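For clarity, every value in this text was computed on a predicted model and none was experimentally measured. So that the names make sense, note that chain A is the first sequence line, chain B the second, and so on, each numbered from 1.
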2 protein chains.
Amino acid sequence: MAVSGRQTGRPTLEEVAARAGVGRGTVSRVINGSPRVSDRAKEAVGQAIAELGYVPNRAARALAGARTDAVALVIPETEARLFAEPYFLDIIRGVSAELADADMQLLLTLIRSSKERQRFEQYLSAQRVDGVLLVSVHGDDPLPDLVQELGIPAVLNGRRSADEPVAYVDSDNVGAGRSAVAHLAGRGRRRIATITGPLDMYVARCRLDGYRQGIEAAELPLDDRLVAAADFTEEGGRRAMRQLLDRCPGLDGVFAASDVMAAGARSVLRDAGRRVPDDVALIGVDDSAVARLMDPGLTSVRQPIEEMGRRMARALLQHITGSGTEPRQVILPTDLVVRDST
Amino acid sequence: MAVSGRQTGRPTLEEVAARAGVGRGTVSRVINGSPRVSDRAKEAVGQAIAELGYVPNRAARALAGARTDAVALVIPETEARLFAEPYFLDIIRGVSAELADADMQLLLTLIRSSKERQRFEQYLSAQRVDGVLLVSVHGDDPLPDLVQELGIPAVLNGRRSADEPVAYVDSDNVGAGRSAVAHLAGRGRRRIATITGPLDMYVARCRLDGYRQGIEAAELPLDDRLVAAADFTEEGGRRAMRQLLDRCPGLDGVFAASDVMAAGARSVLRDAGRRVPDDVALIGVDDSAVARLMDPGLTSVRQPIEEMGRRMARALLQHITGSGTEPRQVILPTDLVVRDST
DNA sequence: GACCGCTGTGGGAGCGCTCCCATTCCGTTT
DNA sequence: AAACGGAATGGGAGCGCTCCCACAGCGGTC
């Protein structure tokens with residue numbers, strides 16, 4: 001029932017009111033679901049809205065009321081580079097789905113320079129969004145605190161530290177490390193190394209903790225020479241793998257804290273003549289396209305990324321409306337996707 | 001009602017005017033860059049704005065004026081699955097950069113169901129955005145036409161057909177196919193096959209045309225048995241590769257219309273005992289992470305994705321303001337990234 | 001010296017909503 | 001029967017802008 005495009009013809013609240021034979025206030029009440037309306041009025045208004053094809057004007061609503069019906073999803077560029085590629089699209093997918101149900105707009109903001117950062121801060125203080133979703137993992141990012149100070153509801157994806165003050169949704173990174181190692185140990189590996197992410201990121205420290213817990217649970221000796229720090233990049237993974245081979249030629253399993261680093265490690269292993277999985281079993285995190293496409297397919301710890309996006313949005317919406325059944329801290333479980341690399 | 005929100009302290013135009021000792025109109029003129037303002041007034045207003053930290057209220061502006069300072073980037077879910085993953089982030093990156101410079105908001109809209117599609121159409125007709133950026137490649141997508149009918153400026157990423165009526169930014173897909181084949185031929189390959197995308201997409205047809213042109217340019221015989229249609233997925237690439245090997249065991253080169261399909265093809269080649277590049281040279285399109293991570297590294301035709309995003313945004317902004325130096329049709333060149341698979 | 005056309009400027013009139021107060025209209029209570 | 005209170009309602013008063021009309025100044029012209 002395509003309405004032909006006229007700019008001026010959009011019906012207003014007033015017109016709906018006239019048609020329904022009620023006052024402006026009543027229509028507003030119906031639209032906003034106020035309980036103080038008779039069924040008769042509700043019905044008349046509903047019909048008038050349908051007949052006129054009325055859609056509320058957001059600008060007017062935002063100006064008159066205190067809300068904007070928009071939420072910002074902020075992605076600092078520095079993070080963007082680090083995440084496995086499908087990550088963002090999945091997060092967006094989840095967020096978008098949840099917001100659409102609430103008829104909220106998703107404003108995407110990439111922050112890549114301090115200039116843009118400043119502009120965004122202006123944005124915030126101008127109250128242009130009802131809430132903020134932050135993809136933030138660096139331990140020293142001050143943005144979440146700023147948002148908090150401005151009194152704007154916020155939810156993070158990932159924590160900055162163990163005692164993150166801002167609401168967040170994260171995955172069980174410790175559990176991810178633990179189950180990866182358990183899997184490797186279950187395959188009979190005894191000298192299991194790990195390639196970590198940058199240790200100023202909480203997510204990387206958690207996965208390392210998980211690794212250690214896994215080693216202990218398998219009653220294997222903890223050995224610092226089996227731990228090499230990297231930075232979530234392929235090249236970093238490569239460097240770390242070389243270090244590990246150097247230090248412990250006898251290793252027979254590697255837990256890389258991301259698929260991309262695992263890919264780097266894999267190429268070094270190949271160059272060194274180690275077969276995967278025969279000589280060295282390899283496992284990553286993310287279950288990204290990279291894992292599926294590697295040869296052999298990379299066993300990986302999957303995170304429920306889209307679900308994280310959904311939960312973030314849900315938590316934020318509740319935070320905004322003040323109805324709070326969703327907990328301020330959400331940690332989602334990971335699961336193991338076994339392929340041929342282990 | 002826990003929301004404290006509503007910072008009453010935000011300065012308004014009126015306050016700026018009072019402080020600068022001018023009228024409201026003058027301040028508005030300064031902010032909107034009208035030429036009809038004296039330097040003296042301009043300076044006084046500028047100072048008042050700085051002192052007060054004034055930021056215009058968008059809702060008020062949208063309500064009073066006819067613009068919203070927001071642009072929607074629409075991604076139909078069906079497409080989302082097909083594109084190589086980094087694609088979107090790069091598009092977004094380009095779009096975002098360009099919009100930020102114009103102080104425009106980026107509204108991201110994923111359309112996955114007909115319900116959401118309908119909601120989006122309502123959106124549009126409610127004039128909530130100044131323009132629309134559409135990532136649309138399917139030949140039969142009616143959305144661009146709808147947007148056009150509503151009189152809303154729009155720019156597509158990719159065309160639906162040769163005579164696309166809506167403004168678009170695309171990459172030189174024919175050239176991509178041509179140069180891929182030229183490269184293969186230059187490496188001495190004589191039996192070059194191609195794995196196409198779904199042929200109801202113009203992009204896929206273009207790359208196939210390019211392939212054909214390349215074959216002719218290299219003075220090789222055109223042979224339909226060397227053409228296998230797929231769907232831009234890994235599994236599709238696998239199936240097509242099997243077909244090709246079946247039909248033409250003697251092929252020595254494959255141009256896959258996407259990296260992901262190339263990855264599928266590669267695994268089939270491996271299973272068939274064909275070495276890459278020794279027995280069969282393989283080339284893809286996109287220069288995505290997949291290409292870098294494959295073993296051997298996949299030679300690929302790169303598209304300037306971020307640049308496409310930037311150009312789309314630029315074209316749209318000009319379309320909105322009416323200043324039109326940017327052409328309605330933009331086709332960006334691709335370039336070859338040579339790795340070890342050829 | 002009265003007239004003209006400029007450029008700058010001030011401020012009224014909305015834009016379409018929400019908020020809230022006043023009003024009406026009930027059913028109850030005393 | 002009068003008085004009361006709550007539910008439903010109408011509509012005024014803005015929200016902070018842009019648009020636009022009116023008007024003040026200021027040469028320059030006849």
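Of the side-chain N and O atoms in Asn32(A), one or more sit less than 4.0 angstrom from OP1 or OP2 of dT18(C). Between Ser38(A) and dA7(D) there is no side-chain N or O to OP1 or OP2 distance below 4.0 Å. Side-chain nitrogen and oxygen atoms of Thr26(B) include none within less than 4.0 Å of the OP1 or OP2 phosphate oxygen of dT9(C).
No hydrogens or angles considered: a donor-acceptor pair under 3.5 Å links the side chains of Glu51(B) and Gln47(B). Side chains of Gln122(A) and Gln118(A): no donor on one and acceptor on the other come within 3.5 Å. With hydrogens and angles left out, the side-chain atoms of Asp163(B) and Ser161(B) include a donor and acceptor closer than 3.5 Å. Thr68(B) and Arg61(B) share no side-chain donor-acceptor pair at under 3.5 Å.
The side chain of Tyr54(B) has dC17(D) as its nearest neighbour among dG16(C), dC17(D), dT9(C). Nearest to the side chain of Arg36(B), among dC17(D), dG8(C), dT18(C), sits dG8(C). Closest to the Arg61(A) side chain, of the nucleotides dT9(C), dC17(C), dC17(D), is dC17(C). Here the side chain of Leu63(A) is nearest to one of dT9(C), dT9(D), dC15(D), namely dC15(D).
For Gln329(A), the CD atom counts as densely surrounded, since its 6.0 Å shell holds more than 12 non-hydrogen atoms of other residues, nucleotides or ligands.
Note: CZ (Arg128(A)) to C1' (dG16(D)) measures 13 Å, nearest angstrom. Between the P atom of dG10(C) and the CD atom of Glu14(B) lies a distance of 12 Å, rounded to the nearest Å. As a whole-Å value, the separation of Asn57(B) CG from dC17(C) P is 16 Å. Remark: P of dG14(D) and CG of Leu13(A) are 19 Å apart, rounded to the nearest angstrom. Atom-to-atom, NZ of Lys42(A) to C1' of dT9(D) comes out at 14 Å; the value is rounded to the nearest Å. Rounded to whole angstrom, the span from the CG atom of Asp69(A) across to the C1' atom of dG16(C) amounts to 14 Å. One atom, CD1 of Ile31(B), and another, P of dG16(D), lie 14 Å apart when rounded to the nearest Å. If you take CZ of Arg40(A) and P of dC25(C), they are 13 Å apart, rounded to a whole angstrom.
Checking Asp170(B), Asp145(B), Asp141(B) one by one against Arg160(B), the salt bridge (charged side-chain N to carboxylate O under 4.0 Å, His left out) holds for a single residue, Asp145(B). For the pairing with Asp130(A), the side chain to side chain contact (heavy atoms under 4.5 Å, CB included) check across Ile320(A), Ile152(A), Leu316(A) returns one residue only, Ile320(A).
Using a 4.0 Å cut-off between a side-chain N of Lys or Arg and a carboxylate O of Asp or Glu, Arg310(B) and Glu307(B) qualify as a salt bridge. Salt bridge absent: Glu15(A) and Arg19(A) never bring a charged side-chain N and a carboxylate O closer than 4.0 Å.
Stem list for DNA chain C (at least 3 consecutive Watson-Crick or G-U pairs, distances under 3.5 Å): C:1-30 with D:1-30.
One donor-acceptor pair, N or O on each side, does fall under 3.5 Å between the base of dT18(C) and the side chain of Arg24(A). With hydrogens and angles ignored, no donor-acceptor pair under 3.5 angstrom links the side chain of Arg58(B) to the base of dG16(D).
Each of Ala60(B) and Pro35(B) lies near DNA chain C, and the nucleotide nearest Pro35(B) is the one positioned closer to the 5' end.
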Which atom pairs, donor and acceptor, lie under 3.5 Å between side-chain atoms of residues 99-108 of chain B and protein residues at least two apart or in another chain?
from, atom 1, to, atom 2, distance (Å)
Asp103(B), OD1, Arg58(B), NH2, 3.4
Gln105(B), OE1, Tyr123(A), OH, 2.5

Are any protein N/O atoms closer than 3.5 Å to N/O atoms in nucleotides 20-23 of chain C? If there are, list each pair with its distance.
from, atom 1, to, atom 2, distance (Å)
dC20(C), N4, Arg29(A), NH2, 3.3

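Ala41(B) comes within 4.0 angstrom of sugar-phosphate atoms only, judged by non-hydrogen atoms across all strands, and of no base.
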